[in-house]
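Fair warning: this is a prediction, and the values are worked out from it, not measured in the lab.
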Amino acid sequence: MAKLYIVPTPIGNLDDMTFRAIKVLKEADLILAEDTRTSGKLLKHYEISTHMHSHHMHNEHKTIENLITRLKGGETIALISDAGTPAISDPGFLLTRACVENNIEVDCLPGATAFVPALVNSGLPNDRFIFEGFLPEKKGRQTRYFALAEETRTMIFYVSPHKLVKTLAEFAQYFGEDRPVSVSREISKLHEETKRGTAKEVLTYFETKPPKGEIVVVVGGKVLEARSKKHEVREA
């Protein structure tokens, strides 16, 4: 039966690939890859010979109609991104939505994603959190900060390495220099690192040590005064 599989791929260590993911990729009629050169290395490592087509943010609008036709024709298609789970700040949402609208089964496999280990490693409250992904580049960025300054849940952001220092400075400005922050980079890779502290402390650290690699920033939510006083009473 025709089906679209959403298949997570390793964000670092190739051993993070699941047995089921390998099986699905081997048995699919077609693999849609964000970058066929990047995914080609993964497929070669696991001896997967399934044909690949390029599917990325610049062509996904144009290819969806043809892909839906192929799925309706009985083909099984697997969608992967360069790393992690597709459709999370990566291509995949548009095709998934089109499949749902056309009553085509969609099966998203569990697997690697960057923000979950970053959240757990942060040591910040993770019972309630919000995922913000990438902040707006310019338009709407300040407005978003004003809204998030009052957010009481833990917040998760994806940040490019060359924008980390600027973003941390903005966190200190809009959220306060003492707001707890955790920066995880190169998760599951050889040079994995997590730096925790206040917004000011983490900013100072990365001002002297330019960051590299994929980065997830976790920020503590605003502590309401009533909650803070209650916590102080308990400690006393």
(request) List in chain and number order the residues that pass salt bridge (Lys or Arg N to Asp or Glu O under 4.0 Å) with E186, two or more places apart in sequence or in another chain; answer none if no residue qualifies. (result) K189

(request) Answer whether the closest heavy-atom distance between the side chains of I68 and C99 falls below 4.5 Å. (result) yes

(message) I'd like to know if the side chain of N102 and the backbone of I104 have a donor-acceptor N/O pair within less than 3.5 Å.
(response) no

(message) side-chain contact (heavy atoms from CB on, under 4.5 Å), that's the test. Do N126 and V218 meet it? Break it down for me.
(response) CA-CA 10 Å; N126 54 31; V218 183; over 6 Å; no

(message) Whether the side chain of E34 engages the backbone of D82 through a donor-acceptor N/O pair (distance < 3.5 Å, no angle test) should be reported.
(response) yes

(request) State whether the side chain of R185 and the backbone N or O of K195 hold a donor-acceptor pair below 3.5 Å, judged by distance alone. (result) no

(message) The criterion is ring-ring contact (aromatic ring centres under 6.0 Å, His included); which residues satisfy it with F175, sequence neighbours excluded?
(response) Y145, F171

(request) Using modelled atom types only, decide if a donor and an acceptor are shared between the side chain of T154 and the backbone of P125 within a distance under 3.5 Å. (result) yes

(request) Determine yes or no for a side-chain-to-main-chain donor-acceptor pair under 3.5 angstrom, with D29 supplying the side chain and T76 the backbone. (result) yes

(request) Kindly state each residue pair satisfying salt bridge (Lys or Arg N to Asp or Glu O under 4.0 Å) with at least one member in residues 112-135, sequence neighbours excluded. (result) E132-R144

(request) Measure from the side-chain N and O atoms of R179 to the backbone N and O of A172, and report whether any donor-acceptor pair falls under 3.5 Å. (result) no

(request) Report, as yes or no, whether the 6.0 Å neighbourhood of atom CD on E60 holds more than 12 heavy atoms from other residues, nucleotides or ligands. (result) yes

